[in-house]
Student: 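Can you read through this structure? Questions will come right after.
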Amino acid sequence: MQTTVYEAQHEDFRQMCRTFLAREAIPYHDQWERDGIIGRELWTKAGAAGLLGIGVPTEYGGGGETDFRYPAVLSEELIRARVTAPGFVAHNDVIATYLSGRTTPEQRKRWLPGLCAGELIAAIAMSEPDAGSNVADIRTTAVRDGDFYVLNGQKTFITNGENADVVVVAAKTAPQRGGQGISLIVVERDTPGFTRGRRMEKLGWTASDTCELFFDDCRVPAGNLIGKENVGMAYLMAGLPRERLSIATVAVAAAEKMLADTLEYARGRQAFGQAIGSFQHNRFQLATLDTEISIARVFLNHCVTELNAGRLTVADAAKAKWWTTELQVEVANRCLQLYGGYGYLKESPISREWANSRVQTIYGGTTEIMKELIGRSLGL
């Protein structure tokens with residue numbers, strides 16, 4: 001379906017992303033999947049190409065472009081190229097946003113040039129073994145001790161956790177205040193008391209390094225506090241609509257890619273003397289998917305426009321996140337069925353998409369949490 005959300009400059013950027021990924025990522029991606037981590041050389045090359053820190057001010061080495069359509073194009077092209085996307089989405093759309101919008105000039109000079117150059121890889125650490133979607137339940141603490149905060153606790157499921165040089169950690173600086181006592185503190189690589197656990201083996205997104213992080217009397221300079229103490233929850237809530245829209249962008253792009261690949265397969269694969277796509281049941285299945293994906297694209301484009309205008313609500317971001325990711329899972333399931341036995345082979349692209357899709361309804365807030373947010377917006 002034709003879309004009007006992108007303009008000529010975005011399509012030029014798309015071509016640049018496509019060329020870069022074809023040269024620097026696609027030839028090496030299978031090895032990264034076997035390794036369970038993307039090579040750091042891709043990050044520095046992406047930085048040199050201007051694909052990192054797109055929204056960071058130019059004085060710190062960024063692109064200075066606040067238009068969300070640019071990182072959205074990069075996400076779409078990562079999906080089109082079948083290159084693992086979560087790490088780049090987290091680095092560009094989540095952490096870089098916090099570190100350019102909530103930091104002091106000194107902090108920006110210290111971290112942002114490296115993030116934009118790909119010399120520093122970023123992660124955000126919220127989830128814990130006993131605290132997932134409800135950030136208010138985190139147990140990691142940060143106690144002020146002179147010019148330092150002393151962190152103790154554990155984080156899990158951290159994207160870029162192994163590669164990360166800069167980690168934005170959500171910790172309780174006033175535990176008695178619950179969710180209103182959370183602060184965001186940057187922990188840098190090789191800080192004493194900061195260690196990483198095993199690399200987690202996941203169902204999908206296998207090239208995305210994911211691990212546990214441990215803080216054992218980890219002494220972090222007080223100057224690494226982001227914004228104000230005990231205001232971290234407000235910062236997180238303000239940033240979540242953008243993060244959820246980024247996940248929705250990946251979902252719609254993946255659904256479109258899976259449908260296009262399945263249509264090609266259904267036209268060429270023969271059964272009982274005819275293309276499998278020509279059977280009425282299969283044709284209706286594909287027609288349904290095409291309709292649902294088209295509707296998802298229209299709403300996604302609407303939300304992108306609203307975000308750029310500063311009007312995207314928490315409820316609309318939640319709608320986009322849960323609807324598009326649930327659709328992505330359904331598209332993966334139906335398309336794999338149409339591939340038959342070939343779809344179940346591990347090397348099959350649709351099997352990889354099926355595995356990659358499943359986590360989309362979980363991270364960034366589960367479908368159930370999204371519906372809870374929407375319900376509250378209705379006064380329920």
Side-chain angles (χ1 to χ4, degrees), residues 1 3 5 68-69 71-72 75-76 78-79 85-86 89-90 92-94 97 124 126-127 131-137 157 159 179 202-205 208 210 233 236-259 285 288-309 311-336 353-380:
M1 186 185 70
T3 174
V5 72
F68 179 78
R69 289 174 289 184
S75 294
E76 290 177 355
L78 286 165
I79 295 301
V89 172
N92 264 344
D93 292 345
V94 182
T97 300
I124 187 164
M126 291 189 286
S127 296
S133 294
N134 187 5
V135 182
D137 285 344
F157 310 131
T159 298
K202 307 181 299 298
L203 177 67
W205 293 128
S208 176
T210 307
M233 180 65 86
L236 292 172
M237 293 303 102
L240 280 173
R242 181 187 177 100
E243 178 182 355
R244 288 165 180 161
L245 194 59
S246 297
I247 295 171
T249 300
V250 168
V252 173
E256 291 171 339
K257 175 63 174 170
M258 286 186 285
L259 177 60
Q285 287 271 353
T288 300
L289 294 182
D290 184 55
T291 303
E292 292 172 340
I293 294 168
S294 295
I295 293 169
R297 169 57 72 178
V298 170
F299 186 61
L300 174 66
N301 289 350
H302 164 75
C303 289
V304 168
T305 300
E306 290 297 285
L307 179 68
N308 275 344
R311 297 190 299 259
L312 181 65
T313 66
V314 170
D316 276 355
K319 293 173 189 176
K321 199 274 179 184
W322 89 257
W323 176 261
T324 60
T325 57
E326 291 288 349
L327 176 61
Q328 180 185 359
V329 171
E330 183 63 18
V331 170
N333 194 48
R334 293 194 211 173
C335 286
L336 191 149
E353 292 296 338
W354 183 85
N356 291 344
S357 295
R358 192 59 189 86
V359 74
Q360 287 270 97
T361 66
I362 298 172
Y363 58 22
T366 64
T367 292
E368 293 74 19
I369 294 296
M370 296 303 97
K371 291 181 179 179
E372 182 68 24
L373 292 173
I374 297 163
R376 291 177 185 177
S377 77
L378 300 174
L380 300 173

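Reckoned from all heavy atoms, side chains included, excluding hydrogens, waters and symmetry mates.
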Student: Testing the basics here: between Thr249 and Ala72, what is the closest heavy-atom pair and its distance to 0.1 Å?
Tutor: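 Heavy atoms of Thr249 and Ala72 come nearest at CG2-O, 3.8 Å.
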Student: Which residues satisfy the side chain to side chain contact (heavy atoms under 4.5 Å, CB included) test with Asp93, sequence neighbours excluded?
Tutor: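 Per chain and number, Asp93 pairs via side chain to side chain contact (heavy atoms under 4.5 Å, CB included) with Phe68, Pro71, Ser75, Val89, Arg242, Ser246.
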Student: Given side chain to side chain contact (heavy atoms under 4.5 Å, CB included), test Val304 with Leu245 step by step and report yes or no.
Tutor: CA-CA 8 Å; Val304 168; Leu245 194 59; 4.1 Å; yes
Student: What's the verdict on side chain to side chain contact (heavy atoms under 4.5 Å, CB included) for Arg376 and Val314, showing C-alpha distance, side-chain angles and the deciding distance?
Tutor: CA-CA 11 Å; Arg376 291 177 185 177; Val314 170; over 6 Å; no
Student: Is the backbone of Met370 close enough, under 3.5 Å, to the side chain of Lys321 for a donor and an acceptor to pair up by distance?
Tutor: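 No; zero donor-acceptor contacts below 3.5 Å.
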Student: Show the nearest heavy-atom pair for residues Ala254 and Gln328, with the distance to one decimal.
Tutor: CB-NE2, 3.5 Å
Student: Of all the heavy-atom pairs spanning Ala320 and Thr324, show the shortest one and how long it is.
Tutor: O-OG1, 2.5 Å
Student: Could you give the distance from CZ (Arg244) to CG (Leu307), rounded to the nearest 0.5 Å?
Tutor: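 Spacing of CZ (Arg244) from CG (Leu307) equals 13.5 Å.
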Student: Would you call Glu326 and Lys371 a salt bridge, taking side-chain N to carboxylate O under 4.0 Å as the test?
Tutor: no
Student: Looking only at heavy atoms, what is the nearest atom pair of Ser208 and Thr159, with distance?
Tutor: OG-CG2, 3.7 Å
Student: Quick one: does any side-chain atom of Gln360 pair with a main-chain N or O of Ile247 as donor and acceptor, under 3.5 Å?
Tutor: yes
Student: How about Trp205 and Thr210: do any of their side-chain heavy atoms sit closer than 4.5 Å?
Tutor: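 Side chain of Trp205 against side chain of Thr210, heavy atoms only: no contact under 4.5 Å found.
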Student: Could you tell me whether the side chain of Arg334 reaches within less than 4.5 Å of the side chain of Thr288, counting heavy atoms only?
Tutor: yes
Student: Could you check whether any side-chain heavy atom of Ile293 comes within less than 4.5 Å of a side-chain heavy atom of Leu327, counting everything from C-beta outward?
Tutor: yes
Student: Rounded to the nearest 0.5 Å, what's the gap from CH2 on Trp323 to CG on Leu300? Could you check?
Tutor: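 Reported to 0.5 Å precision, the distance equals 14.0 Å.
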Student: Hey, are the side chains of Thr305 and His302 touching, using non-hydrogen atoms and a 4.5 Å cut-off?
Tutor: no
Student: Just jot down the side-chain hydrogen bond (donor to acceptor under 3.5 Å, both in side chains) partners of Glu76, sequence neighbours excluded, or say none.
Tutor: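 Per chain and number, Glu76 pairs via side-chain hydrogen bond (donor to acceptor under 3.5 Å, both in side chains) with Tyr6, Arg14, Arg297.
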Student: Could you tell me whether the side chain of Leu236 reaches within less than 4.5 Å of the side chain of Met126, counting heavy atoms only?
Tutor: yes
Student: State the CD1-CG distance between Ile369 and Leu240, to the nearest 0.5 angstrom.
Tutor: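 Atom-to-atom, Ile369:CD1 and Leu240:CG are 11.5 Å apart.
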Student: Is there a donor-acceptor contact under 3.5 Å from the side chain of Lys257 to the main chain of Glu353?
Tutor: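 Absent.
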Student: What's the shortest heavy-atom distance between Ile374 and Ala315, and which atoms?
Tutor: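 Of all heavy-atom pairs spanning Ile374 and Ala315, the closest is CG1-O, 3.8 Å.
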Student: Going from CG on Leu373 to CG on Leu378, what distance comes out if it is rounded to the nearest 0.5 angstrom?
Tutor: 11.0 Å
Student: Would you say Arg69's side chain and Val5's backbone share a donor-acceptor pair under 3.5 angstrom?
Tutor: yes
Student: Starting at CD of Glu372, measure out to OG1 of Thr367 and round the result to the nearest 0.5 Å.
Tutor: 13.0 Å
Student: Could you pull out the closest heavy-atom pair between Ala255 and Val331, with the gap in Å?
Tutor: O-CG1, 4.0 Å
Student: Is there side-chain contact between Thr361 and Trp322, with at least one heavy-atom pair below 4.5 Å?
Tutor: no
Student: Do Thr325 and Val359 come within less than 4.5 Å of each other through their side chains, counting heavy atoms only?
Tutor: no
Student: As an exercise, state the distance from OG of Ser127 to CG of Asn134, rounded to the nearest 0.5 Å.
Tutor: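 Interatomic distance, Ser127 OG to Asn134 CG, rounded to 0.5 Å: 11.0 Å.
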